[in-house]
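Along the sequence shown, residues carry numbers from 1.
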Amino acid sequence: MSRSLGDYPLKNLNVVIPDPDILTFDLDKLQPEFMILASDGLWDAFSNEEAVRFIKERLDEPHFGAKSIVLQSFYRGCPDNITVMVVKFRNSSKTEEQ
């Protein structure tokens, strides 16, 4: 948030981009199991596919694997802020199969 309001010299150099990545889709049609909301610290250490695979294996952990993936990002040497929230959807296709 602070970068979207400040860091004007960096914005002019296109080093800091304050525009968020926004995806729009129909949850009823897609029926995801979970959603990962994270700061750039996680994405410096994990690709999208790696993060999904990591969390999928840990959805039964108390914090849906969020704490584990933060620690793993730190262990991988990420020097940035690492904040992760995993939202587990109740009516996911995997739940309906069980």
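- Pairing each heavy atom of Asp44 with each of Cys78, the nearest pair is CB-SG, 4.2 Å.
- Applying the salt bridge (Lys or Arg N to Asp or Glu O under 4.0 Å) test to Arg53 and every residue at least two apart in sequence or in another chain returns nothing.
- Identified under the ring-ring contact (aromatic ring centres under 6.0 Å, His included) test for residues 54-80, with sequence neighbours left out: Phe46-Phe54.
- Remark: Ala66 pairs with Val84, Val86 by the side-chain contact (heavy atoms from CB on, under 4.5 Å) rule, at least two apart or across chains.
- Linking ILVMFWY side-chain heavy atoms closer than 4.5 Å, directly or via other members, places Leu23 and Leu30 in a single hydrophobic cluster.
- Atom CD1 of residue Ile36 and atom CD1 of residue Ile69 lie 5.5 Å apart, to the nearest 0.5 angstrom.
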Practice task
I would like to know whether Asp80 and Asp40 meet side chain to side chain contact (heavy atoms under 4.5 Å, CB included); could you show each step before the answer?
Solution key: CA-CA 8 Å; Asp80 205 347; Asp40 57 345; 3.2 Å; yes
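- One finds the NZ atom of Lys88 at 8.5 Å from the CD atom of Glu33 (value rounded to the nearest 0.5 Å).
- The salt bridge (Lys or Arg N to Asp or Glu O under 4.0 Å) search around Glu50 returns Arg76, not counting sequence neighbours.
- Considering all non-hydrogen atoms of both residues, Ser73 and Ile82 come closest at CB-CD1, 3.7 Å.
- In terms of the side-chain contact (heavy atoms from CB on, under 4.5 Å) criterion, residue partners of Glu61 (sequence neighbours excluded) are, by chain and number, Arg58, Ser68.
- Counting all heavy atoms, side chain and backbone alike, Ala38 lies closest to Trp43 at O-NE1, 3.5 Å.
- Take Asp26 and apply the side-chain hydrogen bond (donor to acceptor under 3.5 Å, both in side chains) test, not counting sequence neighbours, and it matches no residue.
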